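So the structure is just underneath, and the comments pick up after that.
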There are 2 protein chains.
Amino acid sequence: MSYEQALTALADPTRRAVFERLRAGPQPVGELARHLPISRPAVSQHLKVLKDAGLVTDHAEGTRRIYHIDPHGLGALRRWLDQFWDTALDAFAAEAERTADNP
Amino acid sequence: MSYEQALTALADPTRRAVFERLRAGPQPVGELARHLPISRPAVSQHLKVLKDAGLVTDHAEGTRRIYHIDPHGLGALRRWLDQFWDTALDAFAAEAERTADNP
DNA sequence: ACTTACCGTAAGTCATGTCTTACGAACAAG
DNA sequence: CTTGTTCGTAAGACATGACTTACGGTAAGT
């Protein structure tokens, strides 16, 4: 739910691959693991981290659990990034102007 | 320069603290280290990672090096996130509609 | 009821990365 | 030219985390 968790969750390449695979739509765990070079339990562990970070959600469907992207975590990350982006640009513009004053 | 590097760079809490300290404006390494619970070489190593990710830039000023935020890395991260955000919302809306069709 | 499929968790191994201290280089001042 | 800052890099210790195999639990099918 916090942007810190989202950042640490999306840092790992394999976990990012799991996450990006969900862009194609909701998928069960086995389907995800079949197209990845890691074991199925590893996928489950990654999904747990992504879930705790608010990046994915799951619901049961028979014996399988369907995972899909949760906008909450993405939103938190986006808000932080936008806020950072604004202040960074302001500082950048101010610094450019200050440098122009003292050539 | 790539969003992958930006994500892995911003994942570490200490490195994120270094990065966020630069929001206040350009600062030399020693100034950053003075307000952080780690040694000065550690700060240098973090700055190297941030620099390779395109998140900061530096320029010499006498014997010290002034670091400031570089919009490039932030921009790459933002583009990826926005693109992801759009497709995620589309998939979310489509899934909601599909679920509404099959109650 | 029994079997099969699908999944999460626990325990253990192993690699990755973060921190420290020690050292050397570049620049300013005296 | 010597001294004092400021900083980056190298080497090593240490913690964190990612992966595997093994196990138990739940639901569907026969």
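Note on naming: letters A, B, ... go to the chains in the order of the sequence lines (proteins, then strands), and numbering restarts at 1 for each one. Please read these numbers as outputs of a predicted model, since none were measured by experiment.
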Check: Of the options B:Asp70, B:Leu77, B:Leu74, which is the one that meets B:Leu55 in a side-chain contact (heavy atoms from CB on, under 4.5 Å)?
Finding: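 Between B:Leu55 and the candidates, side-chain contact (heavy atoms from CB on, under 4.5 Å) is satisfied uniquely by B:Leu74.
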Measure the distance from [atom1] on [X] to [atom2] on [N] and round it to the nearest whole Å.
X	N	atom1	atom2	value
B:Asp12	D:dA15	CG	P	16 Å
B:Gln5	C:dG17	CD	C1'	16 Å
A:Leu36	D:dA18	CG	C1'	14 Å
B:Leu7	C:dG17	CG	P	15 Å
A:Leu32	C:dC6	CG	C1'	13 Å
B:Gln45	D:dA11	CD	C1'	11 Å
A:His46	D:dG17	NE2	P	13 Å
A:Lys48	D:dC19	NZ	C1'	17 Å

Margin query: Quick check on B:Arg64: does its CZ atom have over 12 non-hydrogen neighbours (other residues, nucleotides or ligands) under 6.0 Å away?
Written below: no
Notebook entry, point to check: At what distance, to the nearest 0.5 angstrom, does CG of B:Asp82 lie from OG1 of B:Thr87?
Noted result: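 Result: 11.0 Å between the selected atoms.
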Next item on the list: Name the closest nucleotide to the B:Arg15 side chain, picking from C:dC19, C:dT20, C:dT18.
Entry: C:dT18
Next item on the list: Look at the aromatic rings of A:Trp80 and A:Tyr3 and report parallel, tilted or perpendicular, splitting at 30° and 60°.
Entry: parallel
Margin query: Once you measure the plane-to-plane angle for B:His68 and B:His59, does it fall in the parallel (<30°), tilted (30-60°) or perpendicular (>60°) bin?
Written below: tilted
Notebook entry, point to check: Under the salt bridge (Lys or Arg N to Asp or Glu O under 4.0 Å) criterion, do B:Arg34 and B:Glu31 qualify, and how do the steps go?
Noted result: CA-CA 5 Å; B:Arg34 192 169 303 116; B:Glu31 182 69 20; 2.7 Å; yes
For nucleotides 2-8 of chain D, give me every protein contact, N/O to N/O, under 3.5 Å, one pair per line with atom names.
residue, atom, partner, partner atom, Å
D:dT6, O4', B:Thr63, OG1, 3.2
D:dC7, OP1, B:Val29, N, 3.1
D:dC7, OP2, B:Gly30, N, 2.8
D:dG8, OP1, B:Tyr67, OH, 2.6
D:dG8, OP2, B:Ser44, OG, 2.2
D:dG8, N7, B:Arg40, NH1, 3.2
D:dG8, O6, B:Arg40, NH2, 3.1

Notebook entry, point to check: Below 4.0 angstrom from OP1 or OP2 of C:dC19, is there any side-chain N or O of B:Thr14?
Noted result: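 Indeed, a polar side-chain atom of B:Thr14 lies that close.
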